[in-house]
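Here is the structure we will look at, set down as structure tokens.
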Amino acid sequence: MFIVGFSSRPGRVKDTYRNLKEKGKCVINTVSEEMIEAVNAAATDAPHGVSEWDVSGLHEAPSTTVRPSRVKESVFNIEGKVIDIKEFVDHQQPGMSIAATV
């Protein structure tokens with residue numbers, strides 16, 4: 001079991017959080033130190049609809065049991081499904097997205 005946390009930020013929610021909420025499936029990719037530049041590029045706050053594959057230069061590969069793709073260069077991948085989402089509304093600040101764990 002894995003717990004993924006998302007912190008609040010002004011405006012829209014992060015695409016990763018939205019995808020987990022809408023699709024209920026994910027791939028957790030473990031990366032090596034040699035991939036750090038590409039991973040940092042993928043973590044930029046790009047507008048919704050901009051592909052992290054194009055930004056990072058990493059390559060998309062099919063997963064085995066879930067629809068979301070895995071990172072081809074990843075050292076280790078874990079395919080999973082969302083069991084529960086907890087949104088911490090009491091921590092919400094005006095103009096901020098909700099903090100949550102998945």
Side-chain angles (χ1 to χ4, degrees):
M1 181 175 291
F2 292 86
I3 296 174
V4 180
F6 296 88
S7 59
S8 296
R9 68 176 183 178
R12 63 187 170 79
V13 298
K14 293 182 179 259
D15 286 344
T16 302
Y17 177 59
R18 179 183 22 259
N19 290 337
L20 282 167
K21 239 178 133 170
E22 291 176 1
K23 311 282 190 228
K25 306 284 171 126
C26 68
V27 178
I28 298 171
N29 298 282
T30 305
V31 299
S32 65
E33 188 173 347
E34 292 79 31
M35 297 171 60
I36 202 69
E37 296 284 333
V39 171
N40 281 336
T44 61
D45 193 15
H48 179 64
V50 172
S51 171
E52 284 85 0
W53 300 113
D54 297 335
V55 172
S56 68
L58 295 170
H59 299 94
E60 188 174 9
S63 298
T64 305
T65 60
V66 298
R67 184 175 174 144
S69 300
R70 65 181 178 85
V71 176
K72 184 176 182 180
E73 297 84 355
S74 176
V75 176
F76 181 72
N77 312 89
I78 299 169
E79 299 177 20
K81 73 175 187 175
V82 174
I83 301 298
D84 196 10
I85 295 177
K86 301 287 185 195
E87 293 183 344
F88 302 104
V89 187
D90 57 328
H91 292 228
Q92 188 174 4
Q93 300 295 321
M96 301 290 282
S97 298
I98 296 172
T101 58
V102 179

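This one's a predicted model, so the numbers in the text were calculated from it and none came from an experiment.
- Among residues two or more places apart in sequence or in another chain, the side-chain hydrogen bond (donor to acceptor under 3.5 Å, both in side chains) test is passed with K23 by none.
- One distance of note links CZ of R67 with CG of N19; it measures 11.5 Å at 0.5 Å rounding.
- The hydrophobic cluster containing V66 also includes V27, under a criterion of side-chain heavy atoms closer than 4.5 Å among ILVMFWY residues, counted directly or through chains of members.
- The shortest non-hydrogen separation linking S69 to S63 is C-OG, 3.6 Å.
- Summarising the geometry of S56 relative to A42, their closest heavy-atom pair is CB-CB, 3.9 Å, with the distance given to 0.1 Å.
- The salt bridge (Lys or Arg N to Asp or Glu O under 4.0 Å) check on K21 picks up E87, with sequence neighbours excluded.
- In this structure R18 satisfies the side-chain hydrogen bond (donor to acceptor under 3.5 Å, both in side chains) test together with D15, H48, sequence neighbours excluded.
- In the hydrophobic clustering (ILVMFWY side chains linked at under 4.5 Å, chained through shared members), V55 is joined by V50.
- Under the 4.5 Å side-chain contact rule for hydrophobic residues, V71 and I78 do not share a cluster.
- Qualifying side-chain hydrogen bond (donor to acceptor under 3.5 Å, both in side chains) partners for T16, counting only residues two or more places apart in sequence or in other chains: none.
- Side-chain atoms of I28 and F76, non-hydrogen and from C-beta on, never get closer than 4.5 Å to each other.
- For residues 70-82, every residue pair satisfying the side-chain hydrogen bond (donor to acceptor under 3.5 Å, both in side chains) rule, not counting sequence neighbours, is listed here: N29-N77, H59-E73, T65-E79, S74-N77.
- Without hydrogens or angle criteria, T30 side chain to V75 main chain gives no donor-acceptor distance under 3.5 Å.
- Rounded to the nearest 0.5 Å, atoms CD1 (I83) and CD1 (I3) are 12.0 Å apart.
- Listed by chain and residue number, E34 satisfy the side-chain hydrogen bond (donor to acceptor under 3.5 Å, both in side chains) test with S32 (two or more places apart in sequence, or in another chain).
- W53 and V31 fall within a single hydrophobic cluster, where Ile, Leu, Val, Met, Phe, Trp and Tyr side chains are chained together by heavy-atom contacts under 4.5 Å.
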